[in-house]
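Report on one structure; see the data block that follows.
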Number of protein chains: 2
Amino acid sequence: MSEIIDNVDLRILKLLQKNAKYSLNDMAKELKIPKSTLAYRIKRLENLGIIKGYYTQIDPTALNLDYVVISLIKAKYGKDYHIRLGSKLGELPGVWGVYFVLGEIDFIVMARYKNREEFMENFLEKLMSMPEIERSSTQVVVKIIKESPNLVIW
Amino acid sequence: MSEIIDNVDLRILKLLQKNAKYSLNDMAKELKIPKSTLAYRIKRLENLGIIKGYYTQIDPTALNLDYVVISLIKAKYGKDYHIRLGSKLGELPGVWGVYFVLGEIDFIVMARYKNREEFMENFLEKLMSMPEIERSSTQVVVKIIKESPNLVIW
DNA sequence: TCTGAAATCAGAATGGT
DNA sequence: ACCATTCTGATTTCAGA
């Protein structure tokens, strides 16, 4: 890749990834660049699609979303089975992540529910009625030790 | 749970989770509540810890973080092995998620790297030198079909 | 592409219900 | 707890380098 992102851009992104509300004034002071330049840079990063958006982090526990599961899925072979299955999985309520992987497993699915009943109804039963699936094993998460998917720059 | 979050709060959170920069004016119009009430509600949700923060989503691909892996890990038994291993895994550079699960696997680890070399150096080699691990299998993600961990309300 | 200054607009503070 | 108004300060715009 060419140098479309320089060192200043990286420092801007590093500050923003942790706090979307960091003010132009404070940031400009910290980075020692004029605030209009900073604004110009940020706008540019947005337009390039490097900044994908600004989100609010909501505590899942506050909404009682304590039934966290990760499902490992093996698809049957057949044309389009994988593509179709992938998007079907992503549309299930409660599912926030679907990864297509290589190996013994085809898909890894991340999901959150309020309780076992909601999980059964919205996820497991639907999973079991999908003909594209050969087998699946679903893991219940006992403890989330780390979950910060927005961290991209260290 | 008691009614600390009512329907209006839920609607506020639903809008904010998709866009942290949604202005008080526009939101108030959409929700048909006065903007001062809206401000009051949001502040309350922040103070309660239900809103955990505002972050910027950066496109990992723009930073060449295309080598995405998910690792399934089985720990050896022994006192504190699990707790210690969990936090050790979370501290590896590139790791953004560590989940402790029940079953055949003990930990599921999510990580992103620039290429195979960085993955080997920062992840696999360190993993292989951890005595607490009995065995591990690491999956390379071919395609991220869905990844929106901020989605908590549908 | 970068910057300073002006203009606009959003969010915080206040005080009354 | 809710809401209208005021006030402060942040973001956007624009013209010039």
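Naming convention: chains lettered A, B, ... in sequence-line order (proteins, then strands); numbering from 1 in each chain.
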Whole-Å distance separating the CD1 atom of B:Ile42 from the P atom of D:dA1: 16 Å
How many whole angstroms separate atom CG of B:Asn7 from atom C1' of D:dA1? 17 Å
How close or far is atom C1' of D:dA1 from atom NZ of B:Lys43, stated in whole angstroms? 17 Å
Round to the nearest Å and state the distance from A:Leu16 atom CG to D:dA10 atom C1'. 15 Å
Look for any protein N or O under 3.5 Å of an N or O in nucleotides 2-5 of chain C and output each such pair with its distance, or none.
from  : atom 1 : to      : atom 2 : distance (Å)
C:dC2 : OP1    : A:Arg41 : NH2    : 3.3
C:dT3 : OP2    : A:Thr37 : OG1    : 2.3
C:dT3 : O5'    : A:Thr37 : OG1    : 3.1
C:dG4 : N7     : A:Ser36 : OG     : 2.7

Can you tell me how far P of D:dA10 sits from CG of B:Asn25, to the nearest Å? 18 Å
B:Ile4 has an atom CD1; how far is it from atom P of D:dA1, in whole Å? 12 Å
Just verifying a value: how many Å separate B:Leu48 CG and B:Ile4 CD1, rounded to the nearest 0.5 Å? 5.5 Å
Are any non-hydrogen side-chain atoms of A:Tyr77 and A:His82 less than 4.5 angstrom apart? yes
Any chance the side chains of B:Gln139 and A:Tyr99 put a donor and an acceptor closer than 3.5 Å? no
Do the non-hydrogen side-chain atoms of B:Leu89 and B:Leu127 ever get within less than 4.5 Å of each other? yes
Spacing of A:Met128 atom CE and A:Ser136 atom OG [to the nearest 0.5 Å]: 8.5 Å
Using atom CG of A:Asn19 as one end and atom P of D:dA10 as the other, report the distance to the nearest whole Å. 13 Å
Would you mind reading off the distance between B:Leu24 atom CG and D:dT5 atom C1', rounded to a whole angstrom? 15 Å
I'd like to check A:Leu124 versus A:Val69 (side-chain heavy atoms, cut-off strictly below 4.5 Å). Are they in contact? no
